[in-house]
Structures are given as structure tokens and as C-alpha cells.
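Single-structure report; data block below.
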Amino acid sequence: QVQLVESGGGSVQAGGSLRLSCAASIYTYSRYTMCWFRQAPGKEREGVAVIDIAGSTTYADSVKGRFTISQDNAKNTLYLEMNSLKPEDTAMYYCAATRSVVSIATMLAHPEFFGYWGQGTQVTVSS
């Protein structure tokens, strides 16, 4: 059974930084593509960053150059380093896992490819 638990969210001022973590209870974690999604009130869930089993990454245009996705396979943990935060980054952030083999660009745009989700961690950025 796969379980994902996010942590690290909080409230920061614009320009600040946060580091999100996602602890994964997955027997074969290294075989999963992992992704961070976010959802703001009244908006659709959107892909933020994805990392595949080879370590390749891709990002939403809105976060390129500010956010970095990484993972520690030995700890079964996914991270999202968020710098230069903006009020528009305010959202619930979710990590998700999949063993699908489509391109990571496709996965970023299609949350339906991800079968395992955490409960989310709230990020609030004030101006």
C-alpha cells in the first residue's frame, strides 16, 4: 500500500522560501515518477514539478527558476525547494506518485496519470 505524507508548508512573505517534503511509504520508491501539484481555491489542480525514475525533471513555466524538485531514494522522500515565493504561489500542495511511463511533460499536465496522492500541505504567501 502506498502512502504519501507531505510536510513543510506554512505562511511566508513574498520573496521568502519554503521546503516541502513528501515521505513515501513505497516498497519500490525508485520505480515511481513523483510529482508536486498544487490547487488554489476555485482553481483547477495544476502540475508544478515532476521527477522521473532517471532523475529527469520538468517544471511549470510559472515556477521555473524559482522551484527545484529533488528526491532522496535512500529515504523515500521527495522535496520541493521553493524560493522567491509570490502570492500567486498560495495553494495546497500535493505530492503524487505513478508508475506510468508517459513523458514527464505529459504527466505534469495530466494529474489523472497519478494514482497515489498525499493529503496536501498548505502554502500561503502574503504580499
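Scope of the values below: all heavy atoms of this structure, side chains included, with no hydrogens, waters or symmetry mates.
The aromatic rings of W117 and Y94 sit perpendicular, their planes meeting at an angle over 60°, well past the 30° parallel limit. Relative ring orientation between F114 and F37 is described as perpendicular, the plane-to-plane angle rising above 60° on a 0-90° scale split at 30° and 60°.
Under the 4.0 Å criterion applied to side-chain N and carboxylate O atoms, K64 and D61 are assigned as salt-bridge partners.
In terms of hydrophobic clustering, with Ile, Leu, Val, Met, Phe, Trp and Tyr side chains grouped at heavy-atom distances under 4.5 Å, F67 and V50 are assigned to different clusters. Under the 4.5 Å side-chain contact rule for hydrophobic residues, I51 and Y116 share a cluster.
With hydrogens and angles ignored, the 3.5 Å screen pairs no side-chain donor or acceptor of T124 with any backbone N or O of T90. For E6 (side chain) and C95 (main-chain N/O), a donor-acceptor pair under 3.5 Å exists by modelled atom type. Using modelled atom types, no side-chain atom of Q39 and backbone atom of A91 make a donor-acceptor pair closer than 3.5 Å.
Under the rule for a side chain to side chain donor-acceptor pair (under 3.5 Å), the partners of S62 that lie at least two apart in sequence or sit in another chain are R38.
Separating the OG1 atom in T33 from the CE atom in M107 is a distance of 4.5 Å, to the nearest 0.5 Å.
Pairs of residues two or more places apart, or lying in two chains, that qualify as side chain to side chain donor-acceptor pair (under 3.5 Å) and include a residue from residues 74-85 are S17-N83.
Residues L4 and L78 are not in side-chain contact: their nearest non-hydrogen atoms beyond the backbone lie 4.5 Å or more apart.
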